[in-house]
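Single-structure report; data block below.
What you are looking at is a predicted structure, and each value in this text was computed from that prediction instead of being measured.
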Amino acid sequence: MIRLRIKVIDWPRRALALTDTPRPTCPDCRGEGGHNHDYGDHNGEYAGTEWVPCLCWDENRHVILLPLPRRPRWTRRRRDDGRDPWGPSGYSDDPPF
């Protein structure tokens with residue numbers, strides 16, 4: 001039985017895609033699509049968590065239904081580099097009064 005859903009994807013271009021979902025009766029992942037695996041360094045300390053996908057589901061498989069239009073250039077947000085645009089070279093030594 002196919003378990004399809006509609007999802008918005010961002011790669012290679014923003015689009016609506018039809019994707020598969022994990023099998024709800026899978027004995028390995030119990031319908032979650034995988035499990036977290038904690039691992040440590042050579043001293044036995046916690047080093048991170050890794051997502052291990054289950055074999056009942058491929059999260060990268062999808063069929064693009066409809067490409068979504070790009071936003072107009074004037075509505076895109078500009079990047080903020082953290083500099084003060086009013087100060088000399090991005091920083092002002094003068095008090096604010």
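Through ILVMFWY side-chain contacts below 4.5 Å, Trp57 is grouped with nothing and stands alone. The hydrophobic cluster containing Ile9 also includes Ile64, under a criterion of side-chain heavy atoms closer than 4.5 Å among ILVMFWY residues, counted directly or through chains of members.
The backbone N or O of Pro69 sits nowhere less than 3.5 Å from a side-chain atom of Arg13 that would complete a donor-acceptor pair.
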Enumerate donor-acceptor pairs with a distance under 3.5 Å from any side-chain N or O in residues 43-55 to protein atoms, sequence neighbours excluded.
unit_1: Tyr46; atom_1: OH; unit_2: Thr49; atom_2: OG1; d: 2.6
unit_1: Thr49; atom_1: OG1; unit_2: Asp38; atom_2: OD1; d: 2.9

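One distance of note links CG of Leu18 with NZ of Lys7; it measures 12.0 Å at 0.5 Å rounding. Between the CG atom of Leu66 and the CZ atom of Arg14 there is a distance of 11.5 Å, given to the nearest 0.5 Å.
Arg30 pairs by the side chain to side chain donor-acceptor pair (under 3.5 Å) definition with nothing, not counting sequence neighbours. Asn60 pairs by the side chain to side chain donor-acceptor pair (under 3.5 Å) definition with nothing, not counting sequence neighbours. Shown here are the side-chain contact (heavy atoms from CB on, under 4.5 Å) partners of Arg61, two or more places apart in sequence or in another chain: Asp58.
At a threshold of 4.5 Å between side-chain heavy atoms, the hydrophobic network of Ile, Leu, Val, Met, Phe, Trp and Tyr places Trp11 and Leu16 in two separate groups.
Considering all non-hydrogen atoms of both residues, Cys56 and Arg3 come closest at O-NH2, 4.2 Å.
Atom CD1 of Ile6 has 12 or fewer heavy atoms from other residues, nucleotides or ligands within 6.0 Å.
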